[in-house]
Participant: 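Please find one structure pasted underneath; my questions will follow.
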Amino acid sequence: MSFMYDVIIVGAGPAGTCCAKKLAERGFSVKVYDRRKSIGEPKRCGEGVSENIEKLIGKIPERCIAQRIKGARIYAPNGKFLEAVLDQGGFILERKVFDKWLAEEAVKSGAKVRTNSFISDFLKENNYFVGVKGEFFGEPFEEKSKIVVCATGAESALRKKALDIHSPLNLIDSCLQYEMSGIETDSDFIHVYLGNQIAPRGYCWVFPKGKDRANVGVGVMPGKEKARYFLEKFIDSHPELKKGSIIEVNAGCVPVGGLPKNAVSNGLIICGEAANHVNPIHGGGISEAIISSHVAADIISEALERDDFSEKFLSKFNDIWWEKRGKYLRKVEKLREVVEKLSDNNLNDFVEVLKPGDIIDFTRGSKLSVFAKVLMRKPSLVSLAKHLL
Amino acid sequence: MWSIDRDKCMACGGCVSVCPRGALELKEEIIHDKKLCILCKSCEKTCPVNAIKIE
C-alpha cells in the first residue's frame, strides 16, 4: 500500500498542531487539515490558561498574550468571593494569534498544514483507518496515511464516525460569550460567578483582556433556558459590564465528562477535546488537549518505528493517558457531580469556609478529601461527601 | 419536524457533539440528515442561542 504521509491529523487546534510538531521534529511526514478558513477563528473559549502551559510548549510569544493574571476570584451567589492565587500565574490568550503561532511552529518543524479542507469521512481498508476524504474549495480529494489522528474537537461528526463518541446532554455545557469593550474589571484576576440562578451547573465568567475589555461568558447545563438567557441576565445585573459594547460573539459547547476508556482503533487515535479530554469542572481544554496530543505523538512515533499500527499497540495511548491525566480528571468529574447538586446556600457556605489554595488543588483532582470533610459538617450533605471518598 | 433558524445559528457545532445518531454535521453550516434523525431534541436543548426547533 502506498501512503502519502506517515500521519494525517484532522483539526488544527492546539491538539492537532502540537501533535504535528512533535511528530515532524522526529522526522515523520505529517499533514494537518482544518475545516475552517482561518486557524483559530472563530474562537471557541474564554482563552484562559495557567502559566504551566509553557512547560509543555515553551515560551509563548508576547503577541499571543492579551493579559497576565495572578489567579481567580470565585464569587458565591451572595456576592462574597474568595481569591485563589496561582503560584505560576496565568494568561488570557489571543486564541486567534496563539493557534496560528502553534500551527507555524508545526510547519517550521516540517509538518504540512492546509485550512479550508473539510474532512467528511475516513478511508478504511481491511479494518484499518488508512486516510481521509474531504473537500478543498468544494473539490473532492482523498489522502492516505499510515495513522490518522482525529483532533477535531467535540463539534465534529468524525469522532462519532470513528469510535461512536458523542456527549450526552448530562455531560456537556452549552456556552455563549461576548467579547466586550468599554467595561470595567480588575484585570489581575479571572472572575468566576457560581449560582443555580446565575448558571445552572456551570458558571459565568469575566476573563479580562486589559482593564476595559474582557471575554464575558456563560456555560450551563442544557435546559429550557438557553445560555444566551443567562448571559444577558448576568450582564444586565452588572453595571460595570452593562455599560460596555459587544465586539465579538462566540458560541460553543464543552464536554464536562464522559472520558472514554478507549480512544484508539486500528490506525487511529482520537485526542484532545474530540476524546472529551477536558477538565470537567471548569471546562478548560487547551492544556489537556496539548498533553493528550503529546501522549498521542509519543505512541505514534513508536508505532511508526515498529511498523505496528494495530489497535492493540495504539491502546498504549489509553494506558498512558489514563495514568497521566484520566485518573485525575475522573476525580474532578466526581467533584463536578457533587458541586452541581449544591444549593446556593451551600455554595455561599463553601466560599466562606474553603481555603483559596484548596480550590486550585480541587480543580486538579487532588485534596478532594478536604472538600469531603467540609461537606460532612452538614448532615444533609454527608451522602454527597461519600461520593468523593 | 426538525428546523433551524440560519440567522440565529452560530455554526458552533454544539448540536453535532450531542447527537446520538450522527445525524448532524458541521461543514460551512449545520447539515441535518433527516433519515438518521430520531427527533430526540438533544440538539434543540443544547443550542446556546435557541436556533433549532423540533415540533
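The figures that follow rest on heavy atoms only: side chains count, while hydrogens, waters and symmetry mates do not. Numbered from 1 within each chain, the chains take letters A, B, ... in sequence-line order.
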Participant: Determine whether A/I172 and B/S17 make a side-chain contact, defined as any pair of heavy atoms from C-beta on separated by less than 4.5 Å.
Facilitator: yes

Participant: Do you know which of A/E225, A/E135, A/K224, A/M221 has the most heavy-atom pairs under 4.5 Å to chain B?
Facilitator: A/E135

Participant: Please round to the nearest 0.5 Å and tell me the distance separating atom SG of B/C47 and atom CG of A/L176.
Facilitator: 9.5 Å

Participant: Check A/A157 against B/L24 and note the closest heavy-atom contact, atom names and distance.
Facilitator: CB-O, 3.6 Å

Participant: What part of B/A23 is in contact with chain A, defined as an atom under 4.5 angstrom from a non-hydrogen atom: side chain, backbone, both or neither?
Facilitator: neither

Participant: As a quick check of understanding, evaluate salt bridge (charged side-chain N to carboxylate O under 4.0 Å, His left out) for B/E25 and A/K160, giving each step before the final call.
Facilitator: CA-CA 10 Å; B/E25 190 159 47; A/K160 176 127 186 87; over 6 Å; no

Participant: For A/K242, is the NZ atom crowded, meaning more than 12 foreign heavy atoms sit under 6.0 Å from it?
Facilitator: no

Participant: Working to the nearest 0.5 angstrom, can you tell me the gap between A/R228 CZ and B/M10 CE?
Facilitator: 10.5 Å

Participant: Whether the side chain of B/T46 engages the backbone of A/P222 through a donor-acceptor N/O pair (distance < 3.5 Å, no angle test) should be reported.
Facilitator: no

Participant: Between A/V218 and chain B, with a heavy-atom cut-off of 4.5 Å, which part of the residue counts as in contact: side chain, backbone, both or neither?
Facilitator: neither

Participant: Can you find a pair of side-chain heavy atoms, one from A/R44 and one from B/C12, that are under 4.5 Å apart?
Facilitator: yes

Participant: Under the side-chain contact (heavy atoms from CB on, under 4.5 Å) test, which residues partner A/L171, sequence neighbours left out?
Facilitator: A/P168, A/E333, A/R336

Participant: How many angstroms lie between NZ in A/K226 and NZ in B/K45, if you round to the nearest 0.5 Å?
Facilitator: 9.0 Å

Participant: With a 4.5 angstrom heavy-atom cut-off, could you sort out which part of B/L26 is near chain A: side chain, backbone, both or neither?
Facilitator: both

Participant: Heavy-atom distances under 4.5 Å only: say whether A/R36 touches chain B with side chain, backbone, both or neither.
Facilitator: neither

